[in-house]
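Let me begin by presenting the structure, written as structure tokens, before commenting on it.
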Amino acid sequence: KPSPVTGLALQVSPTKRAISLPANDLNSASKLIRPGDRVDIVVALDVGKGPSARREVKTIMQDVTVLATGARIVNDLPVLYEKKQGGPIEGIPLREDMTFSTVTVEASPQESQDLIYLLSTSPGSIFMTLRHPSDHSKPRNPESTIESLLGKVSQELMNVQQRAPAAAPPPPPPPPAKPKKKGPFI
């Protein structure tokens, strides 16, 4: 049966908070994220005003613990018991629940506040990228912008051109010779 020991509160580390983020196939690795996984949280934001407005993509949190997906939590309580209004208590198997629409992560109070701000202003701009379980690195990544992406594409094209110069195309074949006519002409 559910109890304080099987709930989410004891899964949250001291000084941390649990916060739920919207999840769909596009922003959460095709909803293949599971409780206990670790993710990075990336945001896409419009910054600047007027002619200087641009979109930036930035990783704001790294190596974040996933506490729950929907009602499924790390300690994996196999059944959620609910009492329907005027009816008996029903058990809902949680291990089979793949219809979640939220992912609950662990965050510091400041990170929680930042996420709430993002959720209130740009809810569709938050993405979760799944990490390998043994990868706990936290590299500092520069933001991605259209300029940085175009710069990478241009640099890659220049590298390809420098490595293998394009061979000149072969000359076109000569046109076939017209046969000479013999005999009377009109």
Side-chain angles (χ1 to χ4, degrees), residues 7-76 94 97-165:
L8 182 61
L10 289 177
Q11 302 296 321
V12 181
S13 300
T15 75
K16 297 284 187 167
R17 306 293 183 263
I19 182 166
S20 296
L21 303 173
N24 60 45
D25 289 341
L26 295 176
N27 75 351
S28 57
S30 294
K31 292 172 84 172
L32 295 174
I33 295 172
R34 299 289 172 254
D37 284 344
R38 302 192 77 78
V39 296
D40 289 348
I41 298 178
V42 181
V43 296
L45 297 172
D46 294 323
V47 295
K49 292 183 180 183
S52 65
R54 67 188 184 288
R55 175 157 291 192
E56 290 184 359
V57 177
K58 181 79 177 152
T59 301
I60 61 166
M61 295 171 64
Q62 295 180 329
D63 202 26
V64 178
T65 302
V66 174
L67 298 172
T69 55
R72 187 174 178 199
I73 59 176
V74 173
N75 62 25
D76 206 12
L94 294 178
D97 179 24
M98 305 305 272
T99 60
F100 61 90
S101 60
T102 60
V103 171
T104 302
V105 298
E106 186 175 71
S108 72
Q110 181 61 53
E111 291 167 334
S112 298
Q113 185 173 307
D114 292 345
L115 289 169
I116 291 168
Y117 176 80
L118 289 168
L119 286 168
S120 70
T121 58
S122 307
S125 68
I126 301 173
F127 298 82
M128 291 166 272
T129 59
L130 186 60
R131 296 175 69 105
H132 189 276
S134 66
D135 179 9
H136 299 288
S137 65
K138 294 183 180 181
R140 189 168 176 94
N141 298 323
E143 68 274 349
S144 296
T145 63
I146 189 65
E147 292 83 9
S148 68
L149 292 175
L150 290 175
K152 287 179 186 176
V153 170
S154 298
Q155 187 60 41
E156 287 174 11
L157 286 174
M158 289 178 62
N159 290 342
V160 168
Q161 290 172 353
Q162 289 174 358
R163 275 187 262 137

With no hydrogens and no angle check, just 3.5 Å: does a side-chain donor-acceptor pair link Ser108 and Gln110? no
Is there a side-chain contact between Lys16 and Ser112 in this structure, where contact means two heavy atoms from C-beta onward sitting under 4.5 Å apart? no
Within the 4.5 Å heavy-atom criterion, are Glu111 and Arg17 side-chain neighbours or not? no
Check Val39, Asp114, Asp40, Leu115 against Met61 for a side chain to side chain contact (heavy atoms under 4.5 Å, CB included) and give me the one that passes. Leu115
Where is the tightest heavy-atom contact between Thr102 and Ser20, given as atom of each residue plus distance? CB-CB, 4.2 Å
For Ser137 and Asp135, work out which heavy atoms get closest and say how close. OG-OD1, 2.7 Å
Using the rule given for side chain to side chain contact (heavy atoms under 4.5 Å, CB included), can you reason through Ile60 versus Leu118, listing the C-alpha separation, both sets of side-chain angles and the distance that settles it, and then say yes or no? CA-CA 11 Å; Ile60 61 166; Leu118 289 168; 3.7 Å; yes
Would you find a donor on one side and an acceptor on the other, under 3.5 Å apart, between the side chain of Ser148 and the backbone of Ser144? no
Ser28 and Ala23 have their tightest heavy-atom pair at OG-CB, 3.6 Å
Looking at Lys58 and Asn141, would you say the former's side chain and the latter's main chain have a donor-acceptor pair under 3.5 Å? yes
Reported OG1-to-CG distance for the pair Thr104 and Leu21, which is rounded to 0.5 angstrom: 7.5 Å
Does some side-chain heavy atom of Gln62 sit less than 4.5 Å from a side-chain heavy atom of Arg131? yes
Does the side chain of Val57 come within less than 4.5 Å of Glu143's, by heavy atoms? no
Taking the side chain as every heavy atom from C-beta outward, state whether Leu45 and Glu56 have any atom pair closer than 4.5 Å. no
Exercise: identify the closest heavy-atom pair between Phe100 and Arg34: CE2-NH1, 3.5 Å
Rounded to the nearest 0.5 Å, how far does CZ of Arg72 lie from CG of Leu8? 14.0 Å
Atom pair CZ (Arg38) and OG1 (Thr65), whose distance is rounded to the nearest 0.5 Å: 3.0 Å
Any Leu32 side-chain heavy atom under 4.5 Å of Asp37 side chain: no
Under 4.5 Å between any side-chain heavy atoms of Ile126 and Ile41, yes or no? yes
Between Ile19 and Val105, is a side chain to side chain contact (heavy atoms under 4.5 Å, CB included) present by the stated rule, with each step listed? CA-CA 6 Å; Ile19 182 166; Val105 298; 3.9 Å; yes
Would you check if Glu106 and Val12 make a side-chain contact, meaning some heavy-atom pair closer than 4.5 Å? yes
Might you work through the side chain to side chain contact (heavy atoms under 4.5 Å, CB included) test for Asp46 and Arg54, ending with a clear yes or no? CA-CA 6 Å; Asp46 294 323; Arg54 67 188 184 288; over 6 Å; no
Is the shortest side-chain N to carboxylate O distance from Lys138 to Asp63 below 4.0 Å? no
